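A quick write-up on the structure given underneath.
None of these values were measured; they are calculated from a predicted model. Both ligands and their constituent atoms are indexed starting at 1 by order of listing.
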Amino acid sequence: MINENFLKLQAGYLFPEISRRIRSFQAQNPDAKIISLGIGDVTQPLAPAVLEAMKKAVDDMGSETGFHGYGPERGYDFLIEAIIENDFKPRSVDLDKSEIFISDGAKCDTANIQEVFGVDNVIAVTDPVYPVYVDTNVMAGRTGQANENGQYDKIVYMPCTAENDFTPELPSSPVDIIYLCFPNNPTGAVVTKEILSKWVDFAHGNKAIILFDAAYEAFITDRQIPHSIYEVEGAKEVAIEFRSFSKTAGFTGLRCAFTVVPKQVRAYAKDGGAVEVNSLWSRRHSTKFNGASYISQAGAAAVYSPDGKKQTRRIIDIYMANAALIRESLTKLGYGVFGGVNAPYIWMKTPKGLSSWDFFDILLQKANVVGTPGVGFGRAGEGYFRLTAFGKPADVKEAMERFAAI
Ligand code: MLT
(Lines give C-alpha, C1' and ligand atoms only; values in the text may rest on other atoms or scores of the structure.)
Protein backbone atom coordinates (compact mmCIF):
# COMPACT_ATOMS: atom_id res chain seq x y z
CA MET A 1 0.00 0.00 0.00
CA ILE A 2 1.24 3.46 -0.82
CA ASN A 3 1.11 6.49 1.44
CA GLU A 4 -2.25 7.86 0.26
CA ASN A 5 -1.30 11.33 1.43
CA PHE A 6 0.92 11.67 -1.63
CA LEU A 7 -2.19 11.47 -3.79
CA LYS A 8 -3.44 14.71 -2.21
CA LEU A 9 -0.47 16.66 -3.58
CA GLN A 10 -1.16 19.21 -6.31
CA ALA A 11 0.57 18.70 -9.68
CA GLY A 12 4.38 18.45 -9.65
CA TYR A 13 6.77 20.42 -7.48
CA LEU A 14 6.90 24.00 -8.81
CA PHE A 15 10.46 24.20 -10.12
CA PRO A 16 10.51 20.92 -12.08
CA GLU A 17 7.24 22.08 -13.70
CA ILE A 18 8.93 25.33 -14.78
CA SER A 19 11.90 23.37 -16.14
CA ARG A 20 9.51 21.17 -18.10
CA ARG A 21 7.94 24.22 -19.76
CA ILE A 22 11.35 25.69 -20.56
CA ARG A 23 12.54 22.42 -22.13
CA SER A 24 9.44 22.24 -24.26
CA PHE A 25 9.83 25.87 -25.41
CA GLN A 26 13.55 25.39 -26.11
CA ALA A 27 12.86 22.24 -28.14
CA GLN A 28 10.50 24.23 -30.37
CA ASN A 29 12.79 27.30 -30.43
CA PRO A 30 16.32 25.93 -30.45
CA ASP A 31 17.87 29.32 -31.24
CA ALA A 32 16.21 31.20 -28.39
CA LYS A 33 18.72 32.35 -25.77
CA ILE A 34 16.71 31.87 -22.61
CA ILE A 35 17.64 33.87 -19.54
CA SER A 36 16.50 32.30 -16.29
CA LEU A 37 15.53 34.49 -13.38
CA GLY A 38 13.33 31.65 -12.18
CA ILE A 39 14.66 29.25 -9.55
CA GLY A 40 16.82 31.02 -7.00
CA ASP A 41 20.06 29.36 -8.02
CA VAL A 42 23.33 31.21 -7.66
CA THR A 43 25.65 31.91 -10.61
CA GLN A 44 28.83 33.45 -9.15
CA PRO A 45 31.82 31.14 -8.61
CA LEU A 46 32.82 30.22 -5.08
CA ALA A 47 34.87 32.65 -3.03
CA PRO A 48 38.63 31.90 -3.36
CA ALA A 49 38.96 31.38 0.41
CA VAL A 50 36.25 28.68 0.27
CA LEU A 51 37.93 27.05 -2.70
CA GLU A 52 41.32 27.01 -0.97
CA ALA A 53 39.85 25.47 2.18
CA MET A 54 38.15 22.77 0.15
CA LYS A 55 41.31 22.00 -1.82
CA LYS A 56 43.12 21.55 1.46
CA ALA A 57 40.30 19.34 2.71
CA VAL A 58 40.59 17.20 -0.44
CA ASP A 59 44.33 16.81 0.23
CA ASP A 60 43.52 15.84 3.82
CA MET A 61 41.22 13.13 2.51
CA GLY A 62 44.08 11.75 0.42
CA SER A 63 46.52 11.51 3.28
CA GLU A 64 46.90 8.88 6.02
CA THR A 65 46.75 11.43 8.80
CA GLY A 66 44.18 13.83 7.42
CA PHE A 67 41.62 11.31 6.15
CA HIS A 68 38.10 11.75 7.57
CA GLY A 69 35.47 9.02 7.61
CA TYR A 70 32.03 9.56 9.15
CA GLY A 71 32.05 12.90 10.89
CA PRO A 72 30.23 13.82 14.09
CA GLU A 73 26.48 13.59 13.37
CA ARG A 74 25.81 17.20 14.32
CA GLY A 75 28.75 18.47 12.30
CA TYR A 76 32.38 19.32 12.96
CA ASP A 77 33.17 21.56 15.92
CA PHE A 78 35.36 23.78 13.74
CA LEU A 79 32.26 24.81 11.76
CA ILE A 80 29.82 24.93 14.67
CA GLU A 81 32.20 27.15 16.65
CA ALA A 82 32.67 29.50 13.67
CA ILE A 83 28.88 29.77 13.30
CA ILE A 84 28.34 30.59 16.97
CA GLU A 85 31.17 33.15 17.03
CA ASN A 86 30.30 34.92 13.79
CA ASP A 87 26.58 34.57 13.14
CA PHE A 88 25.19 34.75 16.67
CA LYS A 89 27.62 36.21 19.27
CA PRO A 90 27.83 39.62 17.52
CA ARG A 91 24.04 39.79 17.78
CA SER A 92 24.15 38.98 21.50
CA VAL A 93 22.73 35.51 20.94
CA ASP A 94 24.50 32.87 23.04
CA LEU A 95 24.20 29.35 21.74
CA ASP A 96 25.70 26.10 22.90
CA LYS A 97 27.40 23.78 20.41
CA SER A 98 24.75 21.14 21.09
CA GLU A 99 22.09 23.51 19.74
CA ILE A 100 23.49 23.62 16.19
CA PHE A 101 22.95 20.81 13.69
CA ILE A 102 24.93 20.93 10.44
CA SER A 103 23.14 19.45 7.46
CA ASP A 104 23.19 19.31 3.68
CA GLY A 105 20.49 21.90 3.09
CA ALA A 106 17.78 24.08 4.59
CA LYS A 107 15.26 22.63 2.14
CA CYS A 108 15.78 19.19 3.71
CA ASP A 109 15.78 20.61 7.24
CA THR A 110 12.59 22.64 6.83
CA ALA A 111 11.06 19.57 5.19
CA ASN A 112 12.19 17.07 7.81
CA ILE A 113 11.61 19.00 11.03
CA GLN A 114 7.87 18.25 10.98
CA GLU A 115 8.67 14.57 11.65
CA VAL A 116 9.25 15.26 15.32
CA PHE A 117 5.74 16.71 15.74
CA GLY A 118 2.48 14.78 15.91
CA VAL A 119 0.22 14.50 12.87
CA ASP A 120 -2.59 16.25 14.76
CA ASN A 121 -0.68 19.53 14.92
CA VAL A 122 -2.28 22.39 13.03
CA ILE A 123 0.22 24.24 10.90
CA ALA A 124 0.06 27.87 9.81
CA VAL A 125 1.81 29.14 6.71
CA THR A 126 1.97 32.44 4.92
CA ASP A 127 0.33 32.62 1.52
CA PRO A 128 2.36 32.85 -0.75
CA VAL A 129 4.84 30.39 0.78
CA TYR A 130 7.91 28.30 -0.07
CA PRO A 131 6.08 25.14 -1.22
CA VAL A 132 8.29 22.74 0.74
CA TYR A 133 6.64 23.63 4.07
CA VAL A 134 3.19 22.76 2.78
CA ASP A 135 3.96 19.72 0.64
CA THR A 136 5.92 17.95 3.35
CA ASN A 137 3.02 18.35 5.78
CA VAL A 138 0.66 16.99 3.14
CA MET A 139 2.95 13.96 2.71
CA ALA A 140 2.95 13.43 6.47
CA GLY A 141 -0.84 13.39 6.64
CA ARG A 142 -1.22 16.61 8.56
CA THR A 143 -3.77 18.03 6.08
CA GLY A 144 -6.99 17.15 4.36
CA GLN A 145 -7.64 17.41 0.63
CA ALA A 146 -6.90 20.52 -1.45
CA ASN A 147 -9.78 22.71 -2.59
CA GLU A 148 -10.18 24.26 -6.05
CA ASN A 149 -7.71 27.00 -5.07
CA GLY A 150 -5.08 24.44 -4.16
CA GLN A 151 -5.45 25.16 -0.43
CA TYR A 152 -5.44 22.18 1.89
CA ASP A 153 -8.01 21.52 4.53
CA LYS A 154 -6.62 21.83 8.11
CA ILE A 155 -3.81 24.26 7.14
CA VAL A 156 -4.19 27.84 8.36
CA TYR A 157 -3.17 30.19 5.55
CA MET A 158 -2.05 33.73 6.36
CA PRO A 159 -2.37 35.89 3.24
CA CYS A 160 0.47 38.29 2.48
CA THR A 161 -0.34 40.83 -0.19
CA ALA A 162 0.49 44.44 -1.03
CA GLU A 163 -2.48 45.45 1.16
CA ASN A 164 -0.81 44.19 4.36
CA ASP A 165 2.73 44.97 3.22
CA PHE A 166 3.34 41.22 2.80
CA THR A 167 3.30 40.81 6.58
CA PRO A 168 1.04 38.06 7.94
CA GLU A 169 -1.59 38.75 10.60
CA LEU A 170 -1.53 36.58 13.72
CA PRO A 171 -3.81 33.56 13.28
CA SER A 172 -7.30 33.97 14.71
CA SER A 173 -7.73 30.22 15.35
CA PRO A 174 -5.45 27.95 17.40
CA VAL A 175 -2.32 26.71 15.62
CA ASP A 176 0.58 24.58 16.82
CA ILE A 177 3.35 25.15 14.30
CA ILE A 178 3.99 28.41 12.46
CA TYR A 179 6.32 28.65 9.48
CA LEU A 180 7.85 32.09 9.00
CA CYS A 181 10.49 33.00 6.42
CA PHE A 182 12.21 36.40 6.61
CA PRO A 183 13.67 37.83 4.44
CA ASN A 184 10.81 36.22 2.63
CA ASN A 185 10.89 33.82 -0.24
CA PRO A 186 9.05 34.65 -2.50
CA THR A 187 7.96 38.23 -1.69
CA GLY A 188 11.30 39.66 -0.51
CA ALA A 189 9.53 41.22 2.50
CA VAL A 190 11.27 41.63 5.85
CA VAL A 191 9.96 42.22 9.37
CA THR A 192 11.13 44.36 12.25
CA LYS A 193 12.05 43.09 15.69
CA GLU A 194 8.75 44.50 17.01
CA ILE A 195 6.74 42.41 14.56
CA LEU A 196 8.77 39.29 15.31
CA SER A 197 8.21 39.89 19.03
CA LYS A 198 4.46 39.66 18.47
CA TRP A 199 4.95 36.23 16.93
CA VAL A 200 7.17 35.10 19.76
CA ASP A 201 4.57 36.29 22.30
CA PHE A 202 1.86 34.55 20.34
CA ALA A 203 3.84 31.30 20.35
CA HIS A 204 4.35 31.59 24.12
CA GLY A 205 0.65 32.26 24.68
CA ASN A 206 -0.50 29.38 22.49
CA LYS A 207 2.16 26.76 23.20
CA ALA A 208 3.05 26.98 19.53
CA ILE A 209 6.41 26.56 17.85
CA ILE A 210 7.82 28.92 15.22
CA LEU A 211 9.87 27.39 12.43
CA PHE A 212 11.91 30.38 11.29
CA ASP A 213 13.58 30.11 7.89
CA ALA A 214 16.42 32.64 7.78
CA ALA A 215 18.12 31.28 4.65
CA TYR A 216 18.29 34.79 3.17
CA GLU A 217 19.46 36.77 6.24
CA ALA A 218 22.79 37.68 4.60
CA PHE A 219 20.93 39.83 2.08
CA ILE A 220 19.54 42.21 4.71
CA THR A 221 20.84 45.73 4.13
CA ASP A 222 18.71 47.66 6.65
CA ARG A 223 20.50 47.67 10.01
CA GLN A 224 17.22 47.71 11.96
CA ILE A 225 16.07 44.36 10.58
CA PRO A 226 16.89 41.30 12.73
CA HIS A 227 18.95 38.53 11.12
CA SER A 228 17.96 35.88 13.64
CA ILE A 229 14.71 35.32 15.49
CA TYR A 230 16.80 34.83 18.64
CA GLU A 231 17.47 38.58 18.65
CA VAL A 232 13.94 38.73 20.05
CA GLU A 233 13.55 38.13 23.77
CA GLY A 234 11.93 34.80 24.60
CA ALA A 235 12.43 33.31 21.13
CA LYS A 236 14.77 30.61 22.38
CA GLU A 237 11.87 28.88 24.13
CA VAL A 238 9.61 28.77 21.08
CA ALA A 239 11.62 28.99 17.85
CA ILE A 240 13.75 26.77 15.64
CA GLU A 241 15.86 28.59 13.04
CA PHE A 242 17.11 27.39 9.67
CA ARG A 243 20.17 28.80 7.93
CA SER A 244 21.95 27.90 4.73
CA PHE A 245 25.23 28.47 2.91
CA SER A 246 23.47 27.97 -0.44
CA LYS A 247 22.60 31.55 -1.28
CA THR A 248 24.95 33.21 1.21
CA ALA A 249 28.12 31.58 -0.10
CA GLY A 250 27.16 29.84 -3.36
CA PHE A 251 26.73 26.33 -1.92
CA THR A 252 23.68 25.25 -3.95
CA GLY A 253 25.80 22.64 -5.71
CA LEU A 254 27.96 21.84 -2.70
CA ARG A 255 25.36 21.49 0.06
CA CYS A 256 25.82 22.76 3.59
CA ALA A 257 23.34 24.34 6.00
CA PHE A 258 22.41 24.26 9.66
CA THR A 259 19.47 24.26 12.01
CA VAL A 260 19.39 25.82 15.45
CA VAL A 261 17.28 24.03 18.05
CA PRO A 262 17.76 25.69 21.43
CA LYS A 263 17.57 23.40 24.44
CA GLN A 264 14.74 25.50 25.88
CA VAL A 265 12.31 24.70 23.04
CA ARG A 266 9.60 22.41 24.40
CA ALA A 267 6.73 20.56 22.74
CA TYR A 268 4.11 18.61 24.63
CA ALA A 269 3.31 14.91 24.89
CA LYS A 270 -0.30 13.65 24.99
CA ASP A 271 -0.11 13.46 28.78
CA GLY A 272 0.82 17.15 28.88
CA GLY A 273 4.47 16.51 29.74
CA ALA A 274 6.97 18.95 28.23
CA VAL A 275 9.59 17.38 25.94
CA GLU A 276 12.87 18.91 24.79
CA VAL A 277 12.68 19.24 21.00
CA ASN A 278 16.48 19.39 20.72
CA SER A 279 16.82 15.78 21.86
CA LEU A 280 14.09 14.61 19.46
CA TRP A 281 15.76 16.36 16.53
CA SER A 282 19.13 15.01 17.61
CA ARG A 283 17.69 11.48 17.63
CA ARG A 284 16.14 11.99 14.21
CA HIS A 285 19.27 13.59 12.76
CA SER A 286 21.61 10.86 13.96
CA THR A 287 19.25 8.10 12.86
CA LYS A 288 18.56 9.34 9.35
CA PHE A 289 21.59 11.43 8.41
CA ASN A 290 25.31 10.79 8.30
CA GLY A 291 26.44 14.37 8.05
CA ALA A 292 27.45 16.87 5.39
CA SER A 293 30.79 16.02 3.79
CA TYR A 294 34.02 17.04 5.51
CA ILE A 295 34.95 18.97 2.35
CA SER A 296 31.72 21.03 2.34
CA GLN A 297 32.05 21.76 6.03
CA ALA A 298 35.67 22.87 5.58
CA GLY A 299 34.49 25.17 2.77
CA ALA A 300 31.65 26.52 4.92
CA ALA A 301 34.01 27.27 7.82
CA ALA A 302 36.17 29.32 5.43
CA VAL A 303 33.17 31.60 4.81
CA TYR A 304 33.89 32.95 8.29
CA SER A 305 37.61 33.58 7.74
CA PRO A 306 38.58 37.26 7.23
CA ASP A 307 39.09 36.72 3.48
CA GLY A 308 36.01 34.51 3.21
CA LYS A 309 33.86 37.21 4.80
CA LYS A 310 35.11 39.91 2.42
CA GLN A 311 34.83 37.73 -0.65
CA THR A 312 31.34 36.40 0.07
CA ARG A 313 30.20 39.95 0.88
CA ARG A 314 31.41 41.03 -2.58
CA ILE A 315 29.38 38.24 -4.17
CA ILE A 316 26.27 39.19 -2.22
CA ASP A 317 26.80 42.80 -3.33
CA ILE A 318 26.79 41.65 -6.96
CA TYR A 319 23.41 39.96 -6.45
CA MET A 320 22.01 42.96 -4.63
CA ALA A 321 23.17 45.24 -7.48
CA ASN A 322 21.17 42.93 -9.78
CA ALA A 323 18.19 43.32 -7.46
CA ALA A 324 18.50 47.11 -7.58
CA LEU A 325 18.71 47.05 -11.39
CA ILE A 326 15.62 44.85 -11.65
CA ARG A 327 13.69 47.07 -9.25
CA GLU A 328 14.65 50.28 -11.03
CA SER A 329 14.06 48.95 -14.54
CA LEU A 330 10.66 47.47 -13.77
CA THR A 331 9.56 50.49 -11.79
CA LYS A 332 10.48 52.73 -14.76
CA LEU A 333 8.45 50.46 -17.01
CA GLY A 334 5.45 51.03 -14.74
CA TYR A 335 5.27 47.64 -12.99
CA GLY A 336 4.30 47.36 -9.33
CA VAL A 337 7.51 46.11 -7.71
CA PHE A 338 8.18 44.81 -4.17
CA GLY A 339 11.11 43.22 -2.34
CA GLY A 340 14.66 43.26 -3.68
CA VAL A 341 16.00 45.67 -1.03
CA ASN A 342 16.74 43.28 1.86
CA ALA A 343 16.27 40.11 -0.15
CA PRO A 344 17.42 38.59 -3.43
CA TYR A 345 13.85 38.22 -4.70
CA ILE A 346 11.76 40.77 -6.56
CA TRP A 347 8.01 40.28 -6.38
CA MET A 348 6.10 42.11 -9.07
CA LYS A 349 2.46 42.57 -10.04
CA THR A 350 1.64 41.01 -13.38
CA PRO A 351 0.57 43.65 -15.91
CA LYS A 352 -3.03 44.16 -17.05
CA GLY A 353 -4.38 41.72 -14.48
CA LEU A 354 -2.80 38.76 -16.27
CA SER A 355 -2.66 35.48 -14.38
CA SER A 356 0.77 34.45 -13.13
CA TRP A 357 1.09 31.54 -15.58
CA ASP A 358 -0.18 33.61 -18.53
CA PHE A 359 2.50 36.19 -17.78
CA PHE A 360 5.07 33.38 -17.45
CA ASP A 361 4.18 32.15 -20.95
CA ILE A 362 4.20 35.64 -22.50
CA LEU A 363 7.55 36.48 -20.95
CA LEU A 364 9.05 33.17 -22.09
CA GLN A 365 7.70 33.49 -25.62
CA LYS A 366 8.25 37.19 -26.25
CA ALA A 367 11.36 37.91 -24.19
CA ASN A 368 12.78 34.41 -23.64
CA VAL A 369 13.02 35.31 -19.96
CA VAL A 370 11.98 32.91 -17.21
CA GLY A 371 10.55 33.91 -13.86
CA THR A 372 8.40 32.10 -11.32
CA PRO A 373 4.61 32.46 -11.37
CA GLY A 374 3.42 33.83 -8.04
CA VAL A 375 0.49 31.43 -7.87
CA GLY A 376 3.01 28.58 -7.69
CA PHE A 377 3.63 29.79 -4.11
CA GLY A 378 -0.05 29.88 -3.17
CA ARG A 379 -3.42 31.37 -4.01
CA ALA A 380 -2.52 34.85 -2.72
CA GLY A 381 0.42 34.81 -5.17
CA GLU A 382 -1.96 34.86 -8.14
CA GLY A 383 -1.41 38.03 -10.15
CA TYR A 384 2.20 38.26 -8.94
CA PHE A 385 5.47 37.06 -10.43
CA ARG A 386 8.89 36.42 -8.86
CA LEU A 387 12.29 37.27 -10.33
CA THR A 388 15.52 36.29 -8.67
CA ALA A 389 18.57 38.50 -8.42
CA PHE A 390 20.92 35.50 -8.62
CA GLY A 391 21.54 35.76 -12.39
CA LYS A 392 24.81 36.84 -13.98
CA PRO A 393 24.86 40.68 -14.13
CA ALA A 394 25.10 40.72 -17.95
CA ASP A 395 22.10 38.38 -18.20
CA VAL A 396 20.08 40.47 -15.76
CA LYS A 397 20.87 43.60 -17.79
CA GLU A 398 19.83 41.90 -21.00
CA ALA A 399 16.68 40.52 -19.39
CA MET A 400 15.70 44.05 -18.36
CA GLU A 401 16.26 45.30 -21.93
CA ARG A 402 14.04 42.52 -23.20
CA PHE A 403 11.37 43.41 -20.62
CA ALA A 404 11.37 46.93 -22.03
CA ALA A 405 10.69 45.53 -25.49
CA ILE A 406 7.62 43.40 -24.71
C1 MLT B 1 13.69 29.15 -4.85
O2 MLT B 1 13.87 29.49 -6.01
O3 MLT B 1 12.63 29.40 -4.24
C4 MLT B 1 14.77 28.43 -4.14
O5 MLT B 1 15.91 28.33 -4.92
C6 MLT B 1 14.35 27.09 -3.82
C7 MLT B 1 15.20 26.47 -2.79
O8 MLT B 1 16.05 27.10 -2.17
O9 MLT B 1 14.99 25.28 -2.60
- Do Y76 and Y294 make the cut of ring centroids closer than 6.0 angstrom? yes

Within ligand 1, which atoms have a heavy atom of [X] less than 4.0 Å away?
| X | result |
| --- | --- |
| G40 | 1 (C), 2 (O), 5 (O) |
| Y345 | 1 (C), 2 (O), 3 (O), 4 (C), 5 (O) |
| I39 | 2 (O), 5 (O) |
| R386 | 1 (C), 2 (O), 3 (O) |
| K247 | 4 (C), 5 (O), 7 (C), 8 (O) |
| N185 | 1 (C), 3 (O) |

- Message: Please identify which of these residues, Y384, F338, F385, meets the ring pair (Phe, Tyr, Trp, His ring centres under 6.0 Å) condition with W347.
- Response: Y384

Ligand 1 and [X], any nitrogen or oxygen pair closer than 3.5 angstrom?
| X | answer |
| --- | --- |
| K107 | no |
| Y130 | yes |
| F15 | no |

Using only heavy-atom distances, determine whether the side chains of [X] and [Y] contain a donor-acceptor pair under 3.5 Å.
| X | Y | result |
| --- | --- | --- |
| R386 | N185 | yes |
| R283 | T287 | yes |
| H227 | R91 | yes |

- Message: One residue to check: F377. Relative to ligand 1, which of side chain, backbone, both or neither has a non-hydrogen atom less than 4.0 Å away?
- Response: neither

- Message: Please give me the minimum heavy-atom distance between N184 and Y345, naming the atom from each residue.
- Response: O-CD1, 4.1 Å

- Message: Ring of F258, cation from R243 - is the NZ or CZ under 6.0 Å from the centre and inside 45° of the axis?
- Response: no

